[in-house]
Amino acid sequence: MAYILFLHARRNHKQAGHMLHTVSLDKEPGHTHFLYQLAASIRETETDEESLDLAAMLLKEFLRVQERGTPLHFLGMVELASTLTLEFLHRGGRLASFAVALELFREATTTRFSEPWSFVAKKTLIIGRVLHNRYRFFEESAERLEEAINILDVLWDIMPLGRPFRVSVVELIAISALLYLSHDLDTTTWLKALKHLTLAVDLHVNGFLEEDIGLDNEDKADIADIVLHDGIDPSGYFYLSTQAMCIVHTADLLRATAYDACCKPGYLRLATDVYKRSLKWRHEGEEIYEAQSSAVAAAWTNEKESLRRAVLSLGRDDPAGFTLLGPTAQSLPVFWYRAVHRTSSDAPKSFSHSCHLLYHPTWVTYLPKQQNEGAPSPLPTISSDTYVPPWPSDFMSLPSFNVESESLDRNQHPLPSTILPGIEKVIEDENSELFRMPLEPRTIRTFMRSLDDEVRGLEKSTSYMSESVIRWSNEPVYWDPKEVHLSTRMAQLKSRGPYFARLAQLQALLSRGPERCLELVESSRTLFWNRLLRLQTSFTGLPEDLASSLEKTASELDRCKSQFTASATEEETKRQWELEGIFNSLLGRARQVPGFEKLLMPKGYEELLQASAGGPVVVLLGNDSTYAALVVRPTGVDAVWLTDLTEAAMEKFIVSLNRASKDARSVMTENRKEGEDGHEERKMGPMKSALMPSYEAYLSGLWKFIAKPVLEILGLLKSKAIEKRPRLWWCPTGRFTFLPIHAAGVNFGKDTFEGVMKYIVSSYTPTLSALIASRKKMERSSRALVPDLTTLVLAQPKTPGHASLPMTLKELETLEEIIPPDLLLRVGKGTLSEANANRKVDEAMTYIEEALILHLACHGHQDRVDPLNSGFELSDGRLSLSKLISCRNPNAFLAFLSACESAANDVDVPDESLNLAAAMLFAGFRSVIGTMWCATMNDSDGPQVAKIVYEELFKKTGVEVSPDAIAYALDIAVQKLQESGIHASRWATYIHVGM
């Protein structure tokens, strides 16, 4: 099928190439020549980058099956090198692919010729390209190709050897003639024509024949006629944008860049960037370049006529009768040239060739054929004493990089990929089938690095697309009122959430660095909460009328019922849609005011670093066995690859930890004892059973695969006194949100204990922006003193439709003993257990705005469809998040959620932080204590943890409350639980969120 497409029309060649790319020449060797023909045809369209990519892939397959040292092996190396060079010259070309071109060029040069590489560099590429033009039309034998190489070797030894980006006119004429001769003649005639042309050039350049290469006298006249009419004459009128000029330029670029890279190893990027900038040059002083072109055109005419006479002279029996013609009879015209990118208006003017570049002569001179001894040459030439630098061990790395060994430097591990998972293992494997090529190990290593670079390029382009989607998600345009409805918005979040949580940030990290990754992590998460919080923004500083309009619109939007509940009417939803349009229009005007260009846009990298003012923030992200941590500190952000964490391990952690927590509760024994008040108190203790899961084994895995590598990077794995432990914030994304990273460790209860709690005090934050906002809020508000910590404690020992929670009364009694009486807000009369138990929603709302601390000991409920309907079950209904958010106490300090699974995330959209603990943070509380799963609500752990936290908080009166107080207090409480020997699932559930 590919062959039929190839024969049918040129426009089908790319389609045929894609078909043939799936063929392995090991299994189908009969397709070798056809594959090369197809690659050659596709490659001719140099202006099409896709064609060059496809041609390169086909040429790699061709080269892969060649035997080292053969003409086809030489041809494959040169042709692939020139194709990769053209790829690189496109504006989006990759440096790694050009490094492969240089290595192929090096190997072709040093293995085929014995002279120093700089002497034969230009000849190498020209011979290879001429062979290419022959082999694409005729499937020549190795012997015939070898003979052709030998003739061409002699031919180019006759040419003047100059510096790069200078070319003699006779070279261009000879290359053009060779290209024409290669595609029509039978093998015997072709080789004779090559010999005849070689002798003619020798006679033209030197005025006599230096060497007889065995021209057959019997058909001299016929061969001379063929060389003239099929070679020299068809090239027509002079113009520079020919395939011959393209070949010379490719050769000059490769040898010049190779020379620079040899003299200054490690600076290949600098050298190529400088050169690529020169390709942007356009005509300046047209008359100068027109004059130079006229001079070269005149020289072209004279040289061509002189060469014709030499050919005709060789066709006679007496070549000595040959005489030079014209005013340049004693010199060879040579010109400097420069290459520029072709524009859309430049029509290619080349034989079977769509050239990517244009060429302009910049200076013309004449090189004497015979110089007097000591006379200076107007053209710098390469002499036998010219310094030839050695090839560097590696073109792209600095000299200190060690690649002398036969394998990759194992300190330089390829990065993983989201597009091709597992490709990093392939790239590290030199024995991979992918790199089985008849090349030197160092050349193969460059192929490996190029593949890695290509994967990084795909990651980068995909990352930019992901960023565009994320940007749109942060500022959506609503075309229909239904799109602002809460149920619609939640459905959209759930459809996009997994992609944002698992891929977008990783792609940025893999291709654009940790800084851009951090920005995308922040801008792609908690979109639900950010949408609500934007309406609380201060617009101070904007023009008064604009600020007033924004505040008024934001306030009205904030009151829209459809913002908070899925039960909004069609009329209410339409009104919100109208307000959304007005607000976005006003916001666009505000961003045109100097200083407000980034108003309500996601925070940039430098601003996000402020989140680490109180201690490092560790962002955990990843997917499909590609996991990493971003360690954010005031000085910057570092990436830590969690190389031992696999997809299977992550899945096992999540499923098994959840199952272990449930199984641990199912095998608890109930040791009942009579309480003082006559009620029964449950004291849970683990019973030794074969059913008991090894919960600690999972925490050990979390330590080994996740927490320990992070703490190692931070330099925290050293013996420290307990009071000196620093704080650290975990910011998990995706499935990391379900793991108790704060509880990771090994050998609990032993002297050999190693774990997170030994080295740091852990907190969590849903986003870095939330942490920054809490700190700014604290700076703006008055200092929080212990005597100011008014506290509202609500408990629900009995709730209609829910299981009883008798221990919540114990919790009230405990807190009444600790918290000063004047700081306790009493909803009713009597003791705290009488006044604040089993209260109604409206009663609670009356006091919430006064409370700096809100303690809720009750059942919690998370509404996955209507998140703001989530809340806490009181005696007459639910104290919903929408009601709590509407309170907006500017001095809200702590929310203690002694409720089941108050910090558990939605499985469908874990990055939206749709849990009660995060909601309280977004509602304005600086700190929140919650639980990740339900393990303690029927035992004494809740009251014990609350007792220790409040004892720590209120142990000193009249002092300012440190922002660290809550985290350290919870840490002490959890450690005491741990020391008591209870099952790990009971103490590991408690977390601190926020400041």
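Just so it is clear, the structure is predicted and the values come from calculations on it, not from any experiment. The chain is numbered in sequence order, starting from 1.
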Is D452 salt-bridged to R456, going by a charged N under 4.0 Å from an acidic O? yes
Give a yes or no on whether a salt bridge exists between R112 and D153, defined as a side-chain N under 4.0 angstrom from a carboxylate O. no
Kindly check if the number of other-residue, nucleotide or ligand heavy atoms within 6.0 Å of NZ (K123) is above 12? yes
Hey, mind stepping through T446 and R106 against side chain to side chain contact (heavy atoms under 4.5 Å, CB included) and telling me if it holds? CA-CA 12 Å; T446 314; R106 174 200 61 78; over 6 Å; no
Would you say the side chains of [X] and [Y] form a donor-acceptor pair under 3.5 Å?
{"X": "T124", "Y": "R255", "result": "no"}
{"X": "Y464", "Y": "Q507", "result": "no"}
{"X": "S182", "Y": "R136", "result": "no"}
{"X": "E107", "Y": "T443", "result": "yes"}

Positive for side-chain contact (heavy atoms from CB on, under 4.5 Å) with P514, one of L630, V631, D638, V619: L630
Could you give me the CA-CA distance, side-chain angles and deciding distance for E103 and F447, then say whether side chain to side chain contact (heavy atoms under 4.5 Å, CB included) is met? CA-CA 9 Å; E103 285 291 356; F447 269 103; over 6 Å; no
Flag the pair F113 / F119 as yes when their ring centroid distance falls below 6.0 Å, and as no otherwise. no
Ring centres of Y275 and F165 under 6.0 Å apart? yes
So, does R269 use its side chain to make a donor-acceptor pair with the main chain of Y267 at under 3.5 Å? no
Shortest non-hydrogen separation from P709 to V640 and the atoms involved: O-CG1, 4.1 Å
Who are the ring pair (Phe, Tyr, Trp, His ring centres under 6.0 Å) partners of W117, not counting sequence neighbours? W391
Residue set satisfying ring pair (Phe, Tyr, Trp, His ring centres under 6.0 Å) with Y36, at least two apart, ordered chain then number -> F62, H132, Y135
Mind checking what makes salt bridge (charged side-chain N to carboxylate O under 4.0 Å, His left out) contact with E651, not counting sequence neighbours? R735
